[in-house]
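Each chain gets a letter, A, B and so on, in the order the sequences are listed, and its residues count up from 1. Nothing here was measured: the structure is a model prediction, and the numbers come from that model.
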Amino acid sequence: MNIFRLIGDMSHLLAIVLLLLKMWKTRSCAGISGKSQILFALVFATRYLDLFTAFISAYNSTMKLFFISTSLVTVYLMYFKFRATYDANHDTFRLEFLVVPVGGLAFLVNHNFSPLEILWTFSIYLESVAILPQLFMMSKTGEAETITSHYLFALGSYRALYILNWVFRYYFEGFFDLIAVVAGCVQTILYCDFFYLYITKVLKGKKLSLPA
Amino acid sequence: RGDKDSKDEL
């Protein structure tokens with residue numbers, strides 16, 4: 001554990017809490033892509049199966065349980081409790097276009113051809129693109145609520161901080177995981193356009209609206 | 001990849 005990873009994890013935690021608070025306080029999930037949230041639930045469910053096979057630390061297990069359970073709660077809130085506020089008309093990204101290629105790639109490019117390892121790899125690849133339905137939805141509506149942009153900024157920062165963590169671990173621990181690093185870089189790059197808008201608009205007190 | 005190595009990450 002180093003400082004970059006700790007801040008990265010906290011940023012990830014903050015993102016999830018922000019999203020749940022936004023939905024709970026406004027009793028609405030308007031502007032949030034249910035498809036991205038389904039993908040995140042799938043990411044956690046496939047990655048953290050090692051909860052049952054390996055114990056790393058209390059921190060590790062607690063965080064894994066938190067991520068799995070909150071992602072399921074988020075999907076429940078969107079598709080059941082606050083379904084009436086879900087903006088399905090704008091959430092039209094086709095999930096099979098992500099899940100199928102990512103599944104194929106996980107079979108072909110992995111560290112070890114075993115069920116748990118393939119699921120872990122699938123989860124890493126899927127996470128790198130899971131935000132696309134959300135970004136697609138925002139590009140269709142042309143805007144995002146400020147709280148939603150805070151959520152996305154925290155969520156994007158988490159993987160960017162993990163990159164710093166991997167640089168640190170490479171130099172000081174000799175640790176290097178090519179799959180995680182490449183996928184993490186792809187994931188972070190996808191947020192760059194959003195980061196630019198966030199810094200130039202939201203941090204200056206303006207609402208996030210996309211250039212027409 | 002050692003099992004413990006990357007599975008300590010979230």
Is it the backbone or the side chain of [X] that comes under 4.5 Å from a heavy atom of chain B, or both, or neither?
X: A/Phe67; value: side chain
X: A/Phe176; value: neither
X: A/Asn112; value: neither

Out of curiosity, B/Leu10 CG to A/Asp9 CG, how far, rounded to the nearest 0.5 Å?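 The CG atom of A/Asp9 is 4.5 Å from CG of B/Leu10, to the nearest 0.5 Å.
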
Which residues share a side chain to side chain contact (heavy atoms under 4.5 Å, CB included) with A/Asn110, sequence neighbours left out: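 Partners of A/Asn110 under the side chain to side chain contact (heavy atoms under 4.5 Å, CB included) test: A/Phe113, A/Ile118, A/Thr121.
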
With A/Phe97 via ring-ring contact (aromatic ring centres under 6.0 Å, His included) - residues at least two apart: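 Once residues adjacent in sequence are excluded, A/Phe97 has no partner under the ring-ring contact (aromatic ring centres under 6.0 Å, His included) criterion.
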
Flag yes if more than 12 heavy atoms outside A/Tyr170 fall under 6.0 Å of its OH atom; otherwise flag no.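 No, the 6.0 Å shell around OH holds no more than 12 heavy atoms from other groups.
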
How close do B/Asp8 and A/Asn60 get, heavy atom to heavy atom, and via which atoms?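 Result for this residue pair: O-ND2, 3.1 Å.
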
Run the salt-bridge test on B/Glu9 and A/Arg169 with the 4.0 Å N-O cut-off and return the result as yes or no.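 The answer is yes: the pair qualifies as a salt bridge.
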
